[in-house]
Q: 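Have a look at the structure that comes next, please.
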There are 2 protein chains.
Amino acid sequence: MSRPPRHRLDCAPGCTVEATLGLIGGKWKGVVLYLLFEEEVLRFNEFRRRLPNLTQRMLTAQLREMEADGLIDRQVYAQVPPKVEYRLSARGRTLEPVVRALKAWGDAHIPPDSLAPPAAAA
Amino acid sequence: MSRPPRHRLDCAPGCTVEATLGLIGGKWKGVVLYLLFEEEVLRFNEFRRRLPNLTQRMLTAQLREMEADGLIDRQVYAQVPPKVEYRLSARGRTLEPVVRALKAWGDAHIPPDSLAPPAAAA
DNA sequence: CAGGATCCGCTTTGATACTG
DNA sequence: CAGTATCAAAGCGGATCCTG
């Protein structure tokens, strides 16, 4: 077995749809991916700055999973103040059409008022 | 408020990506959608026959959520043996490119051995 | 036939504190 | 800076039984 799927799949016709969702369907993976498409390369705390509501624990977990799934590359610099860079892997980059489709649909069909702003509801 | 989002969103740049995933990201919604793209119209037990591992509870829940999200239409016939038909709504149909992108990517990039067959692993 | 109602457990997500 | 460890809450998914 190469990738022990995180959630059980039972191959109905649309199986690969679920499989793909399993890879990017976390609560944050989509955003992480999206940011990497935009920024090319990001460090741990750069993610945190851009995603204030995302805890370290979650960020680490998501990053680790995506790395394990071969979607992103993690480059560690052996320095005194640690430095780790994240960027899309070749495989990760193939997801661009998918993420773009997701975003395009969302932009066009999601009512803006269902997108709760982080700290602007008063 | 039109759609009280099922999971909290905190609008980072790629927010709508997550929002879209929130609509189709359940464990079964992708398949349900996919089946409706194929079959056009399906009844409750027809879903169940095609998705043996999906419980009524889950099926009902998924169907209800997708209905609440305006993705599918639910047509009830007031008959003695109840009859309910499900089909994609106009809004639901707009998801086709998304689902197809998801499936296309999965078909091309998901290693087949990570797609556990329902009852064929021996 | 098409659900509704309950009960239960796992997984995900989150808040906090600590470390090399 | 870039995590790890622990603890607790919530949500998701499931099994079973019941009903109009």
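Here is how names work: the chains are called A, B, and so on, in the same order as the sequence lines, proteins then strands, and each is numbered from 1.
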Q: CG of B:Leu42 versus P of C:dC1: gap in Å, rounded?
A: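 Answer to the nearest Å: 15 Å.
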Q: C:dG14, D:dA2, D:dA15: which one has an atom nearest the side-chain heavy atoms of B:Thr55?
A: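 Of C:dG14, D:dA2, D:dA15, D:dA15 is nearest to the side chain of B:Thr55.
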Q: Would you mind reading off the distance between B:Arg74 atom CZ and C:dG4 atom C1', rounded to a whole angstrom?
A: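 After rounding, the gap between these two atoms is 12 Å.
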Q: Hey, does B:Phe47 reach any base, or is it just sugar-phosphate, or nothing, if we go heavy atoms under 4.0 Å?
A: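 The residue B:Phe47 makes no contact with any strand.
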Q: With the side chain of B:Asn45 defined as its heavy atoms from C-beta on, choose the nearest nucleotide among C:dC1, D:dC1, D:dG3.
A: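 So the nucleotide nearest the side chain must be C:dC1.
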Q: Taking CD1 from A:Ile72 and P from D:dA2, how many angstroms apart are they, rounded to a whole number?
A: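 A:Ile72 atom CD1 is separated from D:dA2 atom P by 14 Å.
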Q: Check this one for me: any side-chain N or O of B:Tyr86 less than 4.0 Å away from OP1 or OP2 of C:dG3?
A: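 Indeed, a polar side-chain atom of B:Tyr86 lies that close.
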Q: Bend across the helix from C:dC1-D:dG20 to C:dG20-D:dC1, to 10°, with axes taken over 5 pairs at each end?
A: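 Roughly 50° between the end axes, to the nearest 10°.
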Q: Measure from CE on A:Met58 to P on D:dA5 and round the result to the nearest Å.
A: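 Between P of D:dA5 and CE of A:Met58: 14 Å.
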Q: Can you list every pair that meets ring pair (Phe, Tyr, Trp, His ring centres under 6.0 Å) and has a residue in residues 85-112 of chain B, with sequence neighbours left out?
A: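 Sorted pair list: B:Trp105-B:His109.
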Q: Check this one for me: any side-chain N or O of A:Lys27 less than 4.0 Å away from OP1 or OP2 of D:dG11?
A: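 Result: no.
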Q: Linking I/L/V/M/F/W/Y whenever their side-chain heavy atoms sit closer than 4.5 Å, directly or via other members, would A:Leu36 and A:Val76 fall into one cluster?
A: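 Hydrophobic grouping puts A:Leu36 with A:Val76.
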Q: A:Pro82 has a side chain; which of D:dG3, C:dG3, C:dG20 sits nearest to it?
A: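 It is C:dG20.
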Q: For B:Ala19, is there any backbone N or O sitting under 3.5 Å from a side-chain donor or acceptor partner on B:Thr16?
A: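 Such a contact is absent between B:Thr16 side chain and B:Ala19 backbone.
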Q: Are more than 12 heavy atoms, taken from residues, nucleotides or ligands other than B:Glu40, located less than 6.0 Å from that residue's CD atom?
A: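 No, because the 6.0 Å sphere around CD of B:Glu40 holds 12 heavy atoms or fewer from other groups.
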Q: Please identify each residue that fulfils side chain to side chain contact (heavy atoms under 4.5 Å, CB included) with A:Glu85, with sequence neighbours left out.
A: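 Side chain to side chain contact (heavy atoms under 4.5 Å, CB included) check on A:Glu85 returns A:Val41, A:Arg43, A:Gln75, A:Tyr77, A:Lys83, A:Arg87.
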Q: Can you tell me which nucleotide in D:dG3, C:dG14, D:dC1 comes closest to the side chain of A:Trp28?
A: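 That would be C:dG14.
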Q: Regarding B:Ser89 and B:Asp73, is there a side-chain donor-to-acceptor distance under 3.5 Å anywhere?
A: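 B:Asp73 and B:Ser89 do not have a side-chain donor-acceptor pair below 3.5 Å.
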Q: Apply side chain to side chain contact (heavy atoms under 4.5 Å, CB included) to residues A:Leu71 and A:Arg91 and explain how you reach the verdict.
A: CA-CA 6 Å; A:Leu71 264 26; A:Arg91 177 181 164 97; 3.6 Å; yes
Q: Counting any heavy atom closer than 4.0 Å, what does A:Gln62 reach on the DNA or RNA strands: base, sugar-phosphate only, or nothing?
A: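 Result for A:Gln62 = sugar-phosphate.
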Q: A:Glu85 CD to D:dC1 C1': how many Å, rounded?
A: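 Those two atoms, CD and C1', are 13 Å apart.
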Q: Rounded to whole Å, please give me the gap between NZ in A:Lys83 and C1' in D:dC1.
A: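 The answer, rounded to whole Å, is 11 Å.
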Q: Please pick, from C:dG3, C:dA2, C:dG20, the nucleotide with the shortest atom-to-atom distance to any side-chain atom of B:Thr60.
A: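 Nearest to the side chain of B:Thr60 among the choices is C:dG3.
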Q: With a 4.0 Å cut-off on heavy atoms, is B:Arg48 in touch with a base, just the backbone sugar-phosphate, or nothing at all?
A: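 Nothing, no nucleic acid heavy atom in range.
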Q: Does A:Arg43 have a side-chain nitrogen or oxygen under 4.0 Å from the phosphate oxygens OP1 or OP2 of D:dA2?
A: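 A:Arg43 to D:dA2 OP1/OP2: side-chain N or O found under 4.0 Å.
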Q: Let me know, please, whether A:Gly25 or B:Val80 comes out on the 5' side of the other along DNA chain C by nearest nucleotide.
A: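 Checking each residue's closest nucleotide, the 5'-ward one belongs to B:Val80.
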Q: C:dA2 C1' sits how many Å from B:Phe44 CZ, rounded?
A: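 It works out to 6 Å between those atoms.
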Q: Between the base of C:dT13 and the side chain of A:Arg57, is there a donor and acceptor pair under 3.5 angstrom?
A: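 When only heavy-atom distances are counted, A:Arg57 does reach the base of C:dT13 through a donor-acceptor pair under 3.5 Å.
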Q: Between A:Arg50 and A:Val32 (side chain of the first, backbone of the second, donor and acceptor by atom type, cut-off under 3.5 Å), is there such a pair?
A: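 Side chain of A:Arg50 to backbone of A:Val32: no pair is present.
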Q: Rounded to whole Å, how long is the line connecting atom CD of B:Glu46 with atom C1' of C:dC1?
A: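 Going from CD in B:Glu46 over to C1' in C:dC1 covers 11 Å.
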